[in-house]
S.K.: 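There's a structure below that I have some questions on.
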Amino acid sequence: MYKKVTTDMNFIDREKEVLEFWKANDIYKKSLRKEGDGTPTFTLYDGPPTANGKPHIGHIKTRVIKDLIPRFHSMKGEAVSFKAGWDTHGLPVELEVEKMLGINGKPQIEEYGVEPFIKKCKESVWTYKTQWEEMSDRVGFWADMEHPYVTYDNNYIESEWWALKTMWEKDLLYKGHKIVPYCPRCGTALSSHEVAQGYKTVKENSVYVRFRLAGKDDTYFAAWTTTPWTLPSNAALCVSPDADYAKIKVNKDLDGSEKTVYYYMALKLVPTLFEDYEVIEKMKGTDLTGIEYEPLFDYAKKMLEETSQKAYFVVADNYVTTEDGTGIVHIAPAFGEDDARVGRENKVPFIQFVDEQGHLPDECEEFAGMFVKDADPLIIKKLNMEGKLIRKMQFEHDYPFCWRCDTPLIYYARSTWFIAMSTKREELLKSNRMINWYPETIRDGRMGDFLENVIDWGISRERYWGTPLPVWECGCGHRHCIGSIAELKEMSDDCPDDIELHKPYVDNVHLKCPKCGGVMTRVPEVIDCWFDSGAMPFAQYHYPFENKEFFENHYPCQFISEALDQTRGWFYSLIAISTVLFGRAPFENVIVMGLVMDENGIKMSKHKGNVVDPWDILNNQGADAARWYFYNSCQPYLPNRFSHDAVREGQSKFISKLWNTYAFYVLYADIDNFDPTKASFDRNNLCVMDRWILSKLNTLIRTVDAKLTGYDVTGCTRTIQVFTEELSNWYVRRCRDRFWAGEMTKDKTDAFMTLYTVLETMTRLCAPFVPFVTESIYQNIVRSVDTSAPESVHLASFPVCDESMIDKELEEEMDLIQMIVELGRTAREAAKIKNRQPLSTIYVVSEKELADEYKPIVLEELNIRNIEQLKNADSLVSYSFKPQLRTCGRKFGSKLNAAKEVIAALPGKETKAALDEGPIRITVDGEEYEMTVDDFIIETAQPEGLSTQSDRGVIVSISTVLTDDLIEDGFVREMISKLQTQRKETGLEVVDRINVLYSGNEKLAEIIVKRKEFISSEVLAVTFEEGVGENSKEWDINGEKITFTVTKA
RNA sequence: UGGAACAUAGCUCAACCGGUGAGAGCAUCGGCCUUAUAAGCCGAAGGUUCAGGGUUCGAGUCCCUGUGUUCCAACCA
């Protein structure tokens, strides 16, 4: 029959057995349904993790959320396609290898050799692969990990080349300038991720300087900057178009001499810079545009003359604020993102008086060769000497430093390749609207806002380990974009057959220029690895070179999920690339996950020492516990405060409760040799408890199916948890004695069949959530008796709700029973009458009449002999009234408070009686109102002589009158309880027979004599006589003292 | 510095369109019950719903300001 089940908490070992079972029998592969013949497909795209970082606890969350959905859809009969992937390119990999080789920076990489370097990168990527696979395996992550896509794969890259070429042909790929954070010592631009690591708060000099208006003595623009070293590269000034500006008159010059001087600046900021002044003219920013001024330095004069460019005039742009500074911003298009844009839009010349090492060039005369930050004080000094410095002050702000060498970064224009995403804004927004975001707010919030302001995607990186940008250039200026290996071979003479699409190999391939016949060389850049991951919908299948049909049938996918930090990462790159290529979003539904924090809500990080090793939970609490925790603790999009206690709570509340219910079933099924395949029951002829739990079960199926279809994970688990609780603590507890019964009666078979049905259904219902424990249970209760059943619960189908089993009314009635029982217990507590003391009568007032079959449940639970239902509680209680605000708010408006008083003063019983007949009228502030029952909240007052409790219209009252008969019964039960306790304390086994001696109480002695046989049978006493022996103990039996001696017979 | 999300009992989370004294579970304490359970039941204590203002007859819920945490974006000139 069934395998014995222990009720210990050793879920880890059981999970390991399940893993072995899956492996030995290839269950994962068997779970994949074949496509075709009308089988619906369900496709997921995997956001690739990078295997050269260790998996951490957040990855468990990612993996288990991703895993739940395909398991569910697979059980629903769909053909699931879910290919795992690895993100393999990028700077983090290069940095890891640099560290390993003990080298530092691009020059040393070149020295080491690009080819050996990228070979190391390729190996390094797999450093933690095994750890990843073990972790994925252990949490039950079922994706195709045997044939993953790998972003460094030639096929993968070739698909990306196809994509880039397609964009090239649409004129979306262009070369421009980008202001990037740049380390002058390392000679490299830094990614935003690196920059973020190096912010420090520094004190620097900020300066107010004045620019003289061209041809006007003593009239200046006042401007402010925190980077004096950019002043030699100044090319324009910028004002805010709609802000108010002023021309002011000051009677003192900078050197303190008496002189009339005029300044232009933002009106509201004048007081921050000057004390004595007079506003002589007001204007808008736009009124200043076009005015020319004289440069602070004439370093650029020669260059501008030679190229005949016009500089040094005022422009306007909305990015300028009048919050601080002067409202007039100095523009150096080579050194700021906004400056560059404003410069471009207003045809301001590009002056870059800083070289790649961060030094000022020869043009800057006395500053030539100086590092920019060192030049700052000297530039300030010179400005001061020349009467151009209005004021210098200390300024504290966060400034980025190179995380590697601690050199201050400078923002520097570098040539960069872009995808013109800003021209696709409308299409992107349209794609975004196609997506079901969970939570919904991401769509219009975080993602929508980002897309509204989308800028061109700078995709080139001056690095080594990445997908090479497939653009070749010729000396004649012609450029060509390659879209496939075949095209590359066709256009070149030196391409090896087995060309690997990486640096340095592709750099050695030269094209023949179709324009001039010259030699074309590839541009040096590789591309942003976000492009790699965003290209995965098609690149994972080597589309369009292979699997064309397969791709088309699996695009877009139904579901993806990643953490919140991917909004501008993977989520964006997916939408961006797919929108450009296919005009739509590549996924239909997405769960955006919150991050996993430590138990104090603080981000986990190595140096804080609060990082939780994922194996900590997997080895101690198990995969199911971890899964349940992440599904159930809070909505997936909220941050988790991770703690072992929280994981344990879910385990004891759900997993072990389910397990113990199952263990209970097996224990008694084994005793009775019960085989569900040989028994049967008539679902239309069951007792109330069975009908109830089966109704609840089918309601549960319906709810979970609907919620999971709508990606409401937490909604599912919370419903399941409540059901499990009711199954264990109401159904099983109330039905225990049915399973002990001696004969295999219909009632006993019904009980077994019902519990079996519930457990069997639960294994399938919960299988996607907790795949291990459900498999253990399924193997034992289903497979061991039914060899024709599917080999694994994961090959079975998801339960289907049988609407005919749902009886809403019954469920509501059981709610009422539970409420009556609860109120009864509270009433006992209030009267200080313990449960062991039998009582005569319970009175129940409720809208619904209790059917007879429910009554024993109430009586047994409460140890009461009779139940009486009353039409109303007139004999039990009196009433008081409160306004039902939902209706009265509208009825009374501002007179509500007056109405409250009138209503509170209504006489109890009379009003209640009148209301039972129909509406009544009350007067508030001299005005009459008609009131119906619905306008009131009717409350009951405490009764007398009875112990009464009420809640939501149900009133329960227990008679507290104790007759001699009841008291005697109470004594008997109390003595039995104490004797049982004494047995236990004496260390006896439950089956041991005992001899009992009693002494010291006449009243109890009388009762003992009278009820000797009953008591003896309950406590397994052979003899029960008056007397005292060793190890005696005195007890308080409802106020009567008696001494018992218990010895083993 | 800006944008977004979140903030409810010691902890983890609920609370529908704004509607009556803000509810569960865990933990604590007291009591009860127990031939499946690390279980269950009853009760006590625990709250200025982060702070301040506004709208409303009525705000945990809507609006504004501030604080804190997190994520994202950042040369704020």
Side-chain angles (χ1 to χ4, degrees), chain A residues 5 7-9 179 181 192 195-196 199 206 223-227 230 238 319-321 323-326 328-332 335-339 397-400 409-411 439 441-442 445-446 449-450 453 563-565 567-569 594-595 597 599-603 632-635 637-641 643 645-646 648-653 656-657 659-668 714 718 721 725 728-730 732-733 736 739-740 821-822 825-830 832 834-836 861 882-890 892-897 899-900 937 977 980 990:
Chain A
V5 179
T7 53
D8 61 48
M9 297 286 280
I179 308 296
S192 60
V195 175
Y199 274 94
S206 68
W224 182 62
T225 181
T226 56
T227 50
T230 60
C238 190
Y319 95 93
V320 175
T321 68
E323 292 307 306
D324 46 24
T326 64
I328 299 178
V329 175
H330 126 73
I331 297 284
F335 303 108
E337 192 62 50
D338 287 314
D339 299 44
H397 67 152
D398 287 334
Y399 195 85
L409 302 179
I410 59 176
Y411 286 81
T441 50
I442 302 276
R446 201 179 261 252
D449 290 347
F450 178 58
N453 301 303
L564 189 65
D565 55 4
T567 313
R568 286 158 200 208
L595 285 100
M597 305 287 152
E599 56 189 316
N600 301 312
I602 307 298
K603 189 182 174 168
N632 191 54
S633 72
C634 62
Q635 295 290 342
Y637 58 86
L638 293 171
N640 290 83
R641 288 186 167 201
S643 73
D645 281 345
R648 208 166 294 130
E649 192 177 320
Q651 189 172 35
S652 74
K653 247 153 94 175
S656 69
K657 219 166 252 180
W659 184 261
N660 282 317
T661 309
Y662 150 70
F664 174 88
Y665 166 78
V666 169
L667 180 67
Y668 288 98
T714 309
R718 293 196 175 163
Q721 199 158 289
E725 157 75 23
S728 169
N729 289 325
W730 189 250
V732 173
R733 192 163 62 82
R736 260 182 311 197
F739 294 91
W740 308 330
V821 168
E822 197 170 307
R825 278 197 270 251
T826 309
R828 268 186 175 277
E829 175 73 20
K832 296 262 179 272
K834 61 176 79 173
N835 211 36
R836 263 198 303 272
E861 276 293 313
K882 280 183 176 180
Q884 176 72 42
L885 293 182
R886 200 169 294 135
T887 62
C888 290
R890 235 164 284 134
F892 294 104
S894 58
K895 287 185 183 168
L896 189 62
N897 281 324
K900 266 184 191 163
I937 293 163
S977 167
Q980 297 283 28
V990 275

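Model, not experiment: these values are computed from the prediction. A note on names: the letters A, B, ... follow the listed sequences, proteins ahead of strands, and every chain is numbered from 1.
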S.K.: Closest approach to the side chain of A:S652, judged atom by atom: which nucleotide of B:A38, B:C71, B:G40 is it?
M.R.: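 The listed nucleotide nearest to A:S652's side chain is B:A38.
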S.K.: Rounded to whole angstrom, note down the P distance from B:G46 over to B:G2.
M.R.: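 The same atom, P, in both gives a distance of 41 Å.
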S.K.: I want to confirm an ordering. Mapping A:Y637 and A:V329 to their closest nucleotides on RNA chain B, which one lands closer to the 5' end?
M.R.: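 Closer to the 5' end of RNA chain B: A:Y637.
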S.K.: Between the side chains of A:K653 and A:E725, is the shortest nitrogen-to-carboxylate-oxygen separation below 4.0 Å, so that they form an ion pair?
M.R.: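 Salt bridge absent between A:E725 and A:K653.
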S.K.: With the 90 degree cut-off around zero defining syn, does B:C62 come out syn or anti?
M.R.: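 Glycosidic conformation of B:C62: anti.
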S.K.: Figure out the CH2/C1' separation between A:W659 and B:A39, and round it to whole Å.
M.R.: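 Computing the A:W659:CH2 to B:A39:C1' distance gives 17 Å.
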S.K.: Within the 4.0 Å heavy-atom criterion, would you say A:Y668 contacts the bases, only the backbone, or no part of the nucleic acid?
M.R.: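 The residue A:Y668 makes sugar-phosphate contact but no base contact.
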S.K.: May I have the step-by-step check of side chain to side chain contact (heavy atoms under 4.5 Å, CB included) for A:Y411 and A:D339, ending in yes or no?
M.R.: CA-CA 11 Å; A:Y411 286 81; A:D339 299 44; over 6 Å; no
S.K.: Roughly how far apart, to the nearest Å, are B:A51 and B:C42 at atom C1'?
M.R.: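 Rounded to whole Å, the distance is 38 Å.
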S.K.: Between B:A14, B:C41, B:A36, which nucleotide has the shortest distance from any of its atoms to the side chain of A:R825?
M.R.: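 Of the options given, the side chain of A:R825 lies nearest B:C41.
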S.K.: With rounding to whole Å, what would you report as the distance between B:A38 and B:G18 at their P atoms?
M.R.: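 It comes out at 46 Å once rounded to the nearest Å.
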S.K.: Counting side-chain heavy atoms from CB outward, which of B:G40, B:A77, B:G25 is closest to A:N729?
M.R.: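 So the side chain of A:N729 is nearest to B:G40.
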S.K.: Taking the minimum atom-to-atom distance to the side chain of A:N660, which one of B:U37, B:G40, B:A14 wins?
M.R.: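 When the side chain of A:N660 is considered, B:U37 is the closest of B:U37, B:G40, B:A14.
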S.K.: Rounded off to whole Å, could you give me the CD-to-P distance for the A:E649 and B:U12 pair?
M.R.: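 It works out to 11 Å between those atoms.
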S.K.: With side chain to side chain contact (heavy atoms under 4.5 Å, CB included) as the test, would you mind laying out the steps for A:L564 and A:I442 before giving the verdict?
M.R.: CA-CA 9 Å; A:L564 189 65; A:I442 302 276; 3.8 Å; yes
S.K.: Heavy atoms only, 4.0 Å cut-off, all strands: where does A:V320 land among base, sugar-phosphate and nothing?
M.R.: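 Counting heavy atoms under 4.0 Å across all strands, the contact made by A:V320 includes a base.
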S.K.: Please verify the inter-ring angle class for A:F739 with A:F664; under 30° counts as parallel, over 60° as perpendicular, anything in between as tilted.
M.R.: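 The arrangement is perpendicular - the two ring planes meet at more than 60°.
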S.K.: Determine which nucleotide pairs with B:U48, using a 3.5 Å limit on both distances of a Watson-Crick or G-U wobble pair.
M.R.: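 Pairing partner: none.
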S.K.: Measure the distance from CZ on A:R718 to C1' on B:G25 and round it to the nearest whole Å.
M.R.: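 The answer, rounded to whole Å, is 10 Å.
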S.K.: Using purine N1 to pyrimidine N3 plus N6-O4 or O6-N4 for Watson-Crick, or N1-O2 and O6-N3 for G-U wobble, each under 3.5 Å, what pairs with B:G19?
M.R.: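 Paired with B:G19, as far as the under-3.5 Å criterion goes, is B:C57.
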S.K.: What is the distance, rounded to the nearest whole Å, between atom CG of A:L638 and atom P of B:A4?
M.R.: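 The distance from CG of A:L638 to P of B:A4 comes to 18 Å, rounded to the nearest Å.
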S.K.: Can you check whether A:K657 has a side-chain N or O nearer than 4.0 Å to OP1 or OP2 of B:G40?
M.R.: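 Checking B:G40 against A:K657, a side-chain N or O does come within under 4.0 Å of OP1 or OP2.
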S.K.: What is the separation between atom CD1 on A:I442 and atom P on B:C71, rounded to the nearest whole Å?
M.R.: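 These atoms are roughly 15 Å apart.
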S.K.: Kindly point out which of B:C26, B:A77, B:G3 is positioned nearest to the side chain of A:D449?
M.R.: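 That would be B:G3.
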S.K.: How is A:S728 classified with respect to the nucleic acid when contacts are heavy atoms under 4.0 Å: base, sugar-phosphate, or nothing?
M.R.: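 The residue A:S728 makes base contact.
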S.K.: Quote, to the nearest angstrom, the C1' distance that separates B:A27 from B:G10.
M.R.: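 Straight-line distance between the two C1' atoms is 8 Å.
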S.K.: Does any nucleotide pair with B:A39 by Watson-Crick or G-U wobble geometry, both distances under 3.5 Å, and what is it?
M.R.: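 Base partner found: none.
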S.K.: Sticking with atom C1', work out how far B:C17 lies from B:G53, rounded to a whole angstrom.
M.R.: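 So the two C1' atoms sit 25 Å from each other.
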S.K.: For A:F892, which contact category applies under a 4.0 Å heavy-atom criterion: base, sugar-phosphate, or nothing?
M.R.: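 If one applies the 4.0 Å heavy-atom cut-off, A:F892 turns out to touch nothing in the nucleic acid.
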S.K.: Within this structure, what is the CZ-to-C1' distance between A:R828 and B:C33, rounded to whole angstrom?
M.R.: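 In whole Å, B:C33 C1' lies 11 Å from A:R828 CZ.
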S.K.: Specify the residue among A:A663 and A:T714 whose closest nucleotide of RNA chain B lies further upstream toward the 5′ end.
M.R.: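 Counting from the 5' end, the first nearest nucleotide belongs to A:T714.
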S.K.: Base, sugar-phosphate alone, or nothing: which one does A:R733 contact when heavy atoms must sit under 4.0 Å apart?
M.R.: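 Base, at least one base heavy atom under 4.0 Å.
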S.K.: Taking only side-chain N and O atoms of A:R641, does any of them lie within less than 4.0 angstrom of OP1 or OP2 on B:U12?
M.R.: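 It does, given that an N or O in the side chain of A:R641 lies less than 4.0 Å from OP1 or OP2 of B:U12.
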S.K.: Where is the tightest heavy-atom contact between A:T326 and A:A223, given as atom of each residue plus distance?
M.R.: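 Residues A:T326 and A:A223, closest heavy atoms: OG1-CA, 3.4 Å.
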S.K.: Among B:A36, B:G40, B:C75, which nucleotide has an atom closest to any side-chain atom of A:D339?
M.R.: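 For A:D339, the side-chain atoms sit closest to B:C75.
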S.K.: Which nucleotide in the list B:A14, B:C75, B:A77 gets nearest to the side chain of A:Q635?
M.R.: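 Minimum distance to the A:Q635 side chain belongs to B:A14.
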S.K.: Give a yes/no on whether any side-chain N or O of A:T227 is located under 4.0 angstrom from OP1 or OP2 of B:C75.
M.R.: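 So the side chain of A:T227 is outside the cut-off, no N or O lying under 4.0 Å from OP1 or OP2 of B:C75.
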S.K.: For B:U67, what is the paired nucleotide under Watson-Crick or G-U wobble rules, both distances under 3.5 Å?
M.R.: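 The base-pairing partner of B:U67, which may sit in any strand shown, is B:A7.
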S.K.: Looking at every non-hydrogen atom in both residues, tell me the closest pair between A:T714 and A:C634 and how far apart they are.
M.R.: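 What the structure gives for the nearest pair is OG1-O, 3.3 Å.
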S.K.: Now, which nucleotide makes the Watson-Crick or G-U wobble pair with B:A73, with each of the two distances under 3.5 Å?
M.R.: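 Paired with B:A73, as far as the under-3.5 Å criterion goes, is B:U1.
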S.K.: Kindly point out which of B:A77, B:A36, B:A14 is positioned nearest to the side chain of A:T661?
M.R.: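 Looking only at side-chain atoms, A:T661 lies closest to B:A36.
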S.K.: For residues A:V5 and A:Y662, determine if any side-chain heavy atom of one lies less than 4.5 Å from a side-chain heavy atom of the other.
M.R.: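 They are in contact (side-chain heavy atoms under 4.5 Å apart), so the answer is yes.
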S.K.: Rounded to the nearest 0.5 Å, how far does CD of A:E649 lie from CG of A:N632?
M.R.: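 Nearest 0.5 Å value for the CG-CD distance: 9.0 Å.
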S.K.: In whole angstrom, what separates A:F450's CZ from B:G3's P?
M.R.: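 Atom-to-atom, A:F450 to B:G3, this comes out as 17 Å.
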S.K.: Roughly how far apart, to the nearest Å, are B:U69 and B:C62 at atom C1'?
M.R.: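 The same atom, C1', in both gives a distance of 24 Å.
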S.K.: Using a heavy-atom cut-off of under 4.0 Å over every strand shown, decide if A:S656 touches base, sugar-phosphate, or nothing.
M.R.: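 The residue A:S656 makes no contact with any strand.
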S.K.: What distance separates A:T661 OG1 from A:N729 CG, expressed to the nearest 0.5 Å?
M.R.: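 Separation between the atoms: 8.0 Å.
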S.K.: From B:A77, B:G40, B:A36, pick the nucleotide closest to the side chain of A:W224?
M.R.: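 Per side-chain heavy atoms of A:W224, the pick is B:A77.
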S.K.: Starting from C1' on B:A39, measure out to CD on A:Q651 and report it in whole angstrom.
M.R.: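 Answer to the nearest Å: 15 Å.
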S.K.: Using the P atom as the point on both nucleotides, what is the distance between B:C50 and B:U56, in whole Å?
M.R.: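 Those two atoms are separated by 23 Å.
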S.K.: On a whole-Å scale, what distance lies between the P atoms belonging to B:C16 and B:U61?
M.R.: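 It works out to 12 Å between them.
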